[in-house]
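Down below is the structure, laid out as structure tokens.
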Amino acid sequence: MPIDSNLPVAVVTGASSGIGRSTAGRLTALGWQVIGVGRDPGRCAEATEQLGAAARDGGTFTMLRGDFTLMSEVRRVAGEIAAHTARVDVLINNAGGVRDRRIVTAEGTEATFAANHLAPVLLTRELLPLLRARAARVIAVSSSAHRISTELDWDDLQSLNDFDTTMAYARAKLANILFTRELARREQAAGIVAQAMHPGVVASNFAAHGNAGMQAHMAAADTVSPDEPARTLVWLATSDEGGRAGGRYFHNEAEETPAPCAQDDAAAARLWIESEKLLAGLGL
């Protein structure tokens, strides 16, 4: 779909299903042009058909494919986004998930850390020229799971040596909030507003690759529809409150206080530096 430079543009990762698909649909129904990113070909095709048919008032949906466990794929997708549009008004870093074991990617990164943290860091960095041009909003889908972790392990940031499924995910979600805080601080002068949110326990394919314990927890949990967190994401993308005072954490269209470890500005600054070192080590 061609992008009309007169209409607002949102990039939504993980848009092929669940929270991302619901968020993309709500934005296209409001007349936004949405560039979605997904991994699975079948789900991407379904999302394209469904969201394209539901678009209203000039809204459009364009799907790009990429595996966000690989930073080379993230960079490629960022280049494709830049080729599609000269503006990005909102970037929603939603893609992520859990794994049932330690998986080392072809690039040597740990998959949970790569998809949940490094990918949004790299995508945001690659899109910064477009984001700065629009004084855009950058929204991270974190999780209350960040409260499980009291701090990041600076000696084993990716949990490559000591891997636990739940803790690896919790630390990645803590990293989402810390990255949001540092992004908000660094880009405030450019007008970029960065916020993080907790979606709740969502009925989706989130835990499809998780271990038996995680899948049992999700099966027994009191879950909500993906539409519920999608409402909060659209609210953060479009409301006056969402565009005020970056670096905050939200749930159900209301600000909440994250865990003390997620409010550590020194850790946020260090994480930024360590993340850049990891990306530099990959030639990025």
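Annotation: salt bridge (Lys or Arg N to Asp or Glu O under 4.0 Å) contacts of R248 (sequence neighbours excluded): E241, E255. Shown here are the side-chain contact (heavy atoms from CB on, under 4.5 Å) partners of E274, two or more places apart in sequence or in another chain: W154, L157, R270, K277. The side-chain contact (heavy atoms from CB on, under 4.5 Å) search around R132 returns L128, E187, A190, I192, not counting sequence neighbours. In this structure E80 satisfies the side-chain contact (heavy atoms from CB on, under 4.5 Å) test together with L64, R76, sequence neighbours excluded.
For A24 against F61, the heavy-atom pair with the smallest separation is CB-CE1, 3.9 Å. Closest non-hydrogen pair, I92 versus V90, comes out as CG1-CG1, 3.7 Å. Closest heavy-atom contact between G247 and Q195: N-OE1, 3.4 Å.
Aromatic ring centres of F68 and H117: separated by at least 6.0 Å.
At a threshold of 4.5 Å between non-hydrogen side-chain atoms, the residues L70 and V74 do not count as touching. In this structure, the side chains of T109 and T69 stay at 4.5 Å or more apart for every pair of heavy atoms. Residues V234 and L30 meet the side-chain proximity criterion, which asks for heavy atoms closer than 4.5 Å.
With respect to N93, the side-chain hydrogen bond (donor to acceptor under 3.5 Å, both in side chains) criterion is satisfied by exactly one of N176, T124, T13: T124.
Atom CG of residue D57 and atom CH2 of residue W32 lie 14.0 Å apart, to the nearest 0.5 angstrom. For the atom pair NE2 (H198) and OG (S144), the distance works out to 3.5 Å, reported to the nearest 0.5 Å. Interatomic distance, CZ of R181 versus CG of D264, reported as 8.5 Å (0.5 Å rounding).
Pairs passing the salt bridge (charged side-chain N to carboxylate O under 4.0 Å, His left out) check and including a residue from residues 27-37, sequence neighbours excluded, do not occur. Listed by first then second residue, pairs satisfying salt bridge (charged side-chain N to carboxylate O under 4.0 Å, His left out) with a partner in residues 164-173 number zero, not counting sequence neighbours.
The backbone N or O of T28 sits nowhere less than 3.5 Å from a side-chain atom of R56 that would complete a donor-acceptor pair. No side-chain donor-acceptor contact under 3.5 Å links D89 to the backbone of A136. With H146 contributing its side chain and A170 its backbone, the two residues share no donor-acceptor pair below 3.5 Å. Judged by distance alone, with hydrogens and angles left aside, the side-chain atoms of Q263 form a donor-acceptor pair with the main-chain N or O of P258 at under 3.5 Å. Formation of a donor-acceptor pair under 3.5 Å by the S239 side chain with backbone atoms of G242 is found in this model. Looking only at distances, no side-chain donor or acceptor of E126 sits under 3.5 Å from a matching main-chain atom of A78.
Judged purely by distance below 3.5 Å, without hydrogens or angles, the side chains of S72 and E107 pair a donor atom with an acceptor atom. Using modelled atom types, one finds a donor on one side chain and an acceptor on the other under 3.5 Å when comparing Q50 with R21.
The aromatic rings of F250 and W235 sit perpendicular, their planes meeting at an angle over 60°, well past the 30° parallel limit.
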**OP:** Starting from the C-alpha separation in whole Å, work towards a yes-or-no answer on salt bridge (charged side-chain N to carboxylate O under 4.0 Å, His left out) for E110 and R99.
**Re:** CA-CA 10 Å; E110 190 282 310; R99 298 286 180 154; over 6 Å; no
